[in-house]
Number of protein chains: 2
Amino acid sequence: MMSAADGVRPMRADARRNRERILLVARAAFAERGVGCSLDDIARQARVGPGTLYRHFPSREALLDAAMAGWVDDVCASGAAILAEADDPLEAVRRWFSRLLDHVLVHKGASAMVAAMGDPSSPLYASCSRIREANETVLSTAGDTGRLRAGVEPDPVARLVLGICALAGDVGMPRGEAEAMLEIVHRGVTR
Amino acid sequence: MMSAADGVRPMRADARRNRERILLVARAAFAERGVGCSLDDIARQARVGPGTLYRHFPSREALLDAAMAGWVDDVCASGAAILAEADDPLEAVRRWFSRLLDHVLVHKGASAMVAAMGDPSSPLYASCSRIREANETVLSTAGDTGRLRAGVEPDPVARLVLGICALAGDVGMPRGEAEAMLEIVHRGVTR
DNA sequence: ACCTGAACACCGTTCAAGT
DNA sequence: ACCTGAACACCGTTCAAGT
């Protein structure tokens, strides 16, 4: 458990406001212009100096992680919800893939997450791992019912699905094409 | 048929030499530092002014396409060779995926090709289409023997396999992980 | 016809000076 | 403690001047 006594001193009010404004602008900028967009622009739009952006987020990845935290929460919660609702575990897997695609197509940044999956030093690693765990839960439920192929490891599947979502988001692929790819993966892992 | 009379006038000798030197340097640079590496560096290493690079290759994609032409030739020829050698069409599909991975892991640039697949105006579109055709040939041979799942379209498969290769190349993924993903796709399209 | 290299605009990053 | 904005290095791109 954390508390104020652990050294998590509250930020000065203006710093907190700046931080929030940067995040708000960054989320919109990443979604509209992609995760490679100019950080200077973000700082300008948030009406702070470039140094202020760097003080709060020392790297593009750090900013990316903070900006994505919200939808990563949502998508992980979706995983649990899908399992609870669906009666067919195979359909649950399909819905899980599709939900992941939904989020990535809007918010982008999945390519950075895939890159971070193998790199514990990345600021995105924690978010990455949360998605990986959600994926593991959905898949293992299907596995327990015997509907998964033998020898299917959840992590390559997570990488693959995230990778497809990343590709679709970065390239601006029509949704249907991305779905077709996910369907191939679905057939490849289930029986 | 093309001939000198069609307006394909020969280049001046120094221009031809410069062009070749730029391509030689570019191939090494893309392979070592990735397809996003500095074009200024390439010009410097090839000992030409930046303007000369732009005269020969008006965009990064144009340079990329010229630099990749060689291995695209090779990989397409591989497709035919694999079909001729292999007795099992399923094994041929597997080998085809694997061969594509080999080339991309060395030369990079597959992400740009995936992006170009849906964009006929891209300088990479022609190379892209050649790979797509090779893929179509290998897959349809397997399809003729009834070893392909019903409703499998070759193009989404091409995009998917190229996409995985691109991901593996860009992220520096261990070969085994990429193979694991390709195996899932293989199971997804065959029976 | 082709090459050169200076020039420009833009971007990420740092840091001394301020409050 | 935090912010500002000037400064620096780097890169893509253009173009006037040369041969």
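All of these numbers come straight from a predicted model, not from anything done at the bench. Lettering of chains follows the sequences in order, A, B, ..., and the numbering in each one begins at 1.
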Starting at [atom1] of [X] and ending at [atom2] of [N], how long is that distance when rounded to a whole Å?
| X | N | atom1 | atom2 | result |
| --- | --- | --- | --- | --- |
| F57(B) | dC3(C) | CZ | P | 11 Å |
| L53(B) | dC2(C) | CG | C1' | 14 Å |
| I42(B) | dT13(D) | CD1 | P | 12 Å |
| D40(A) | dC11(C) | CG | C1' | 6 Å |
| R33(B) | dC10(D) | CZ | P | 14 Å |
| R55(A) | dA17(C) | CZ | C1' | 14 Å |
| D41(B) | dA9(D) | CG | P | 16 Å |
| Y54(B) | dC11(D) | OH | P | 12 Å |

Do the charged groups of [X] and [Y] touch, with an N to O distance under 4.0 Å?
| X | Y | value |
| --- | --- | --- |
| R19(B) | D14(B) | no |
| E133(B) | R130(B) | no |
| E20(B) | R17(B) | no |

Determine whether the side chains of [X] and [Y] contain a donor N or O and an acceptor N or O closer than 3.5 Å.
| X | Y | answer |
| --- | --- | --- |
| S38(B) | D40(B) | no |
| R21(B) | N18(B) | yes |
| S98(B) | R175(B) | yes |

Consider the side chain of [X], meaning its heavy atoms from C-beta on, and name the nucleotide among [options] that approaches it most closely.
| X | options | answer |
| --- | --- | --- |
| S38(A) | dC2(D), dG12(C), dT13(D) | dG12(C) |
| P50(A) | dC2(C), dC2(D), dG5(D) | dG5(D) |
| L39(B) | dG12(D), dT13(C), dC2(C) | dG12(D) |
| H56(B) | dC11(C), dC3(C), dG12(D) | dC3(C) |

How do T52(A) and R44(A) order along DNA chain C: which one's closest nucleotide is nearer the 5' end?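 By nearest-heavy-atom nucleotide position, the 5'-most residue is R44(A).
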Test salt bridge (charged side-chain N to carboxylate O under 4.0 Å, His left out) on D74(A) and R99(A) and set out the steps. CA-CA 10 Å; D74(A) 291 348; R99(A) 192 66 61 91; over 6 Å; no
Output the residues of residues 13-31 of chain A in contact with DNA chain C, where contact means a heavy atom of the residue under 4.0 Å from an atom of the strand; sort by number or write none.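 Those residues whose heavy atoms fall under 4.0 Å from DNA chain C, taken from residues 13-31 of chain A, amount to none.
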Nucleotide forming a Watson-Crick or wobble pair with dC8(D), both distances under 3.5 Å: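 The answer is dG12(C), by the H-bond criterion.
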Using Watson-Crick or G-U wobble geometry with both distances below 3.5 Å, tell me the partner of dG18(D), or none.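 Answer to the pairing question: dC2(C), which forms a Watson-Crick or G-U pair with dG18(D).
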